[in-house]
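Worksheet: one structure, shown below.
To find a chain, count down the sequence lines: A is the first, B the second, and so on, and within it residues start at 1.
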2 protein chains.
Amino acid sequence: MFTSITPEHIKFFKTILPANCFTDEENLLKYSHDETEDISYLPQVVLKPNTSEQISGILRYCNEHKICVTPAGARTGLSGGAIPVHGGVLISMERFNRILDIDEDNFQVTTEPGVITQVLQEAVAEKGLFYPPDPASRGTCFIGGNISENSGGPKAVKYGVTADYVLNLEVVLPTGEIIWTGANVLKNATGYNLTQLIVGSEGTLGIVTKIVLKLITHPTYDMLMLVPFRNAQDACKAVSVILNNGITPSGLEFMERDALIWTQDFLGETNVVIADDHAAHLLIEVDGFDSEKLMDDCSKIMQLVEEFDIDEILFADSRDQKDALWKLRRSVGEAVKANSIYKEEDTVVPRYYLPELLGFVKEIGNRYGFKSVCYGHAGDGNLHINIIRGDMDQDKWDNELPTAIRELFKEVVKLGGTISGEHGIGLVQRPYMDIAFDDKSLELMRMIKKNFDPNGILNPGKIF
Amino acid sequence: MFTSITPEHIKFFKTILPANCFTDEENLLKYSHDETEDISYLPQVVLKPNTSEQISGILRYCNEHKICVTPAGARTGLSGGAIPVHGGVLISMERFNRILDIDEDNFQVTTEPGVITQVLQEAVAEKGLFYPPDPASRGTCFIGGNISENSGGPKAVKYGVTADYVLNLEVVLPTGEIIWTGANVLKNATGYNLTQLIVGSEGTLGIVTKIVLKLITHPTYDMLMLVPFRNAQDACKAVSVILNNGITPSGLEFMERDALIWTQDFLGETNVVIADDHAAHLLIEVDGFDSEKLMDDCSKIMQLVEEFDIDEILFADSRDQKDALWKLRRSVGEAVKANSIYKEEDTVVPRYYLPELLGFVKEIGNRYGFKSVCYGHAGDGNLHINIIRGDMDQDKWDNELPTAIRELFKEVVKLGGTISGEHGIGLVQRPYMDIAFDDKSLELMRMIKKNFDPNGILNPGKIF
């Protein structure tokens, strides 16, 4: 279906990128995977351009020659979006690593996609500005990848997701044209929203080369508490109770018992004492500009959670303690990964239905014989369900589990939710798209893909 | 190009809508225009369905017979989006007037599109919930129209625009299929964002029949002040000064001298004394949950604006005074319309460039010989520029003014802005789309239009 790379093609790529065209084993191996389970496909060549024009030249050539191209960011993705499943060209965006302009007058930043999210956050924070979306991998992921997957993170409950901050994008289309999708403005009623069509399109419609983001004023205070619940469903219920009482925390994270235990083991740190009867924890952060107001919020939250069967609340007293707790939360994914073969489902439902979803996960686990460790951004109704292989035999894992996952996703959609909140569909959730969308919607998406990429060369095998 | 309506067609429409198919003169006249300037085109038949299935039946038939269809809401639009420029069928959405479900648990509302925005706002406010987007016409416009045009309004500066609240849409496609675009969730990384593609598409891609909106907690306090500036550009400058000092008002509105004078004349009310040296006013609202905090914000704002050449600040002391000031602001559009033949340009720029934009408007007015009255949502950089016909002769109005508008829009785009912030492109801004987008982007939009509407029957003559 796609043209396999020949020495002739390599020769051409070297005319554009004499020093940044790689076919050595080390590079091919390095770019064969992202953080998704244990999936790996080798590209045939790795290119590391650093201008839009170079990418335009590469795509134009690949489009003419029907060579497939997979764009890759920091490859921290969890749905396989950056894996070159059909081989061909892998374009690494790592050299697009410059923050181009922090516009303090207009609260905007223009950046290249290969900047690490945390680096971007820290650079704007120095000017008193705030870019809130902060996926767990913010210390390693690229802002460009965040845009491809419409990343969320803990702060989404108060501040929204990546999509909410993207004003304008420079995109190189699979056919080589370079376009800007919108304008650098806070409101826009001019034509179809190409910007939001690109956000979350997982590198299948074009390669983003410049990004204009909205910023807000950086909050000056934050407070953090960890609440141990003796019943996991209670912890889920408390989420809606807090929000429905008019408090909007800047983080409202749920972690099941095992998630915390495994993570402390993984990190070799035991900051948190987990009693035998702790079933789950909520990590709750509030932020703002007025420390008294935050104290009030904290007392109100305490009153509300004390209505449930909880153990003593742990308050983080210092920046170090806060950092330690957030490190714990941010490391859960890695810890689970290190612990067992697993599959992670990134479900999201209207948040009031979280207890119901959690109950269903356990029930279906009992029926199919799998254990699960759940955690996630409970304030958004976003539950990461880690299905643990444990001692399930290969046949069941390969053949029965997909049926269980279908059943789970159907329940999620029945609750008004969908199959990915922030990880994307990529490679691994593709088989389940028919649960989230009817045939006609999928047909429309496929048609849109064809408009942008008539030969289907860009990131094939993803989403559909 | 389109099939003209015959008695045979009417017979068919009457099988679907026996009591809601109209061909009388009164109805045809009524639905021949919206609030856009003095433009009017008669439809051949007006249909008033109230179920998705009826719309599906109508569209399927019209698509087969190549009959063009214009959907209309409350027809308060300012870009001609609801005007049936090619005659044919007009579908009025007025009977889709039910709020279907206020979900207090999940902070969501499901509504039909023909509900008046203010009615929806008041219904959810009764439950302590807040739907912020509030176009000036909120007392008469439909929520469905707000979605079609991605409406803004004064509160956008703090709370965002319509698009920011739309979670999921039921849409009848021009080919008759009924789809849901997304899920009822706060974060979504599942496939292309069809929801945001429909928002702002001005009824050209499908007819929205159900809407799921996100809600937030309703603020409990607000304070309002009116600040008279002796220099209009100073008023524009003050906007960025306030925001860049960490205060986010819930309204930050700019009105030139004539806007206020004409509106007080129009309303026959003189609540505000406008001295001879008042060049422009800022109407500034703050809201929140803590009245002391709001007092602090107000003092801080006062300090900041006092750095400019201002006259005495008017504080609204009571709900009545607040309502009177907001009525004044909301009536500016109507007042300008009543005063003279005019053209309204809905420009938006990064807000720091507002003074520059205002200066350019006046300069270009001098050059081309037109007067302008400017007002708008200054906090978003959204300036409504009303070009006043006054005593400009018809030939200049028809032939020279479009050149001036092109020049203006080019300047707006040069500043990083675009040609419509919240009114949409519709009919009247169509000729200027090439200024906002390059050929390839426009081609992509046209292809998307064709995906949804292969025969081009739905709202033809708009956007492109």
Side-chain angles (χ1 to χ4, degrees), chain A residues 104-106 108 149-150 152 156 161 164 173 177 179 181 183-194 196-197 199-201 217 240 244 246 248 289-290 293 348-352 380-382 416-425 433 436-438 440-441 444-445 447-448 451-452 463, chain B residues 105-106 108 149-150 152 156 161 164 173 177 179 181 183-194 196-197 199-201 217 240 244 246 248 289-290 293 348-352 380-382 413 416-425 433 436-438 440-441 444-445 447-448 451-452 463:
Chain A
E104 293 176 71
D105 294 327
N106 288 302
Q108 295 178 4
E149 304 298 323
N150 190 16
V161 295
D164 298 312
L173 300 177
E177 297 91 340
I179 64 166
T181 56
N184 301 356
V185 289
L186 297 173
K187 58 206 301 193
N188 196 331
T190 310
Y192 300 154
N193 198 336
L194 297 182
Q196 294 300 333
L197 192 59
V199 174
S201 67
T217 306
S240 281
N244 295 6
T248 306
F289 299 90
D290 178 349
K293 163 77 168 58
V348 58
V349 294
R351 63 180 169 238
Y352 190 76
D380 311 310
N382 186 196
T418 193
I419 66 176
S420 177
E422 56 176 27
H423 293 173
I425 298 306
M433 277 290 274
F437 292 102
D438 55 40
K440 183 64 195 181
S441 299
L444 286 169
M445 290 187 202
M447 286 195 283
I448 290 169
N451 300 336
F452 281 76
I463 304 183
Chain B
D105 294 328
N106 288 303
Q108 294 178 4
E149 304 299 322
N150 190 16
V161 295
D164 298 312
L173 300 176
E177 297 91 341
I179 65 166
T181 56
N184 302 354
V185 289
L186 297 173
K187 58 207 299 195
N188 195 333
T190 310
Y192 299 155
N193 198 336
L194 297 182
Q196 294 300 332
L197 194 57
V199 175
S201 67
T217 305
S240 280
N244 295 6
T248 307
F289 299 90
D290 178 347
K293 163 78 168 57
V348 57
V349 294
R351 65 181 166 236
Y352 189 76
D380 310 311
N382 186 195
V413 170
T418 193
I419 67 175
S420 177
E422 56 178 26
H423 293 173
I425 298 306
M433 279 290 274
F437 292 103
D438 56 41
K440 183 65 193 179
S441 298
L444 286 169
M445 290 188 201
M447 286 196 282
I448 291 169
N451 299 155
F452 281 76
I463 303 183

Taking side chain as everything from C-beta outward and backbone as N, CA, C, O, which of these in I419(B) sits under 4.5 Å from a heavy atom of chain A? Side chain, backbone, both or neither. both
Does any heavy atom of chain B fall under 4.5 Å from the side chain of T248(A), the backbone, both, or neither of them? neither
Among residues at least two apart in sequence or on other chains, which ones pass ring-ring contact (aromatic ring centres under 6.0 Å, His included) with F437(B)? none
Between T217(A), V185(A), L186(A), the one whose heavy-atom pairs under 4.5 Å with chain B are most numerous: V185(A)
Measure distances from Q108(A) to the heavy atoms of chain B and classify the residue's part below 4.5 Å as side chain, backbone, both or neither. side chain
For N244(B) and D105(A): C-alpha separation, side-chain torsions, deciding distance, then whether side chain to side chain donor-acceptor pair (under 3.5 Å) applies. CA-CA 7 Å; N244(B) 295 6; D105(A) 294 327; 4.6 Å; no
Specify which of I463(A), N193(A), I179(A) makes the most heavy-atom pairs with chain B at under 4.5 Å. I179(A)
Side chain proximity check, V348(B) to N188(A), heavy atoms < 4.5 angstrom: no
Where is the tightest heavy-atom contact between G417(A) and A183(B), given as atom of each residue plus distance? O-CB, 3.6 Å
Where on V161(B) is there a heavy atom nearer than 4.5 Å to chain A: the side chain, the backbone, both, or neither? side chain
Which distance, rounded to the nearest 0.5 Å, do you find between the CD1 of I448(B) and the CZ of F452(A)? 5.0 Å
On a heavy-atom basis, the closest approach of M445(A) and G191(B) is SD-CA, 4.0 Å
With a 4.5 Å heavy-atom cut-off, do L197(A) and L444(B) have their side chains touching? no
More than 12 heavy atoms of other groups within 6.0 Å of Y352(B) OH: no
Looking at D380(B), D290(B), N150(B), which has the largest count of heavy-atom pairs under 4.5 Å with chain A? D380(B)
For T190(B), which atoms come within 4.5 Å of any heavy atom of chain A: side chain, backbone, both, or neither? both
Specify which of E422(B), H423(B), E177(B), K187(B) makes the most heavy-atom pairs with chain A at under 4.5 Å. K187(B)
The interface call for S441(B) against chain A, heavy-atom contacts under 4.5 Å, is both
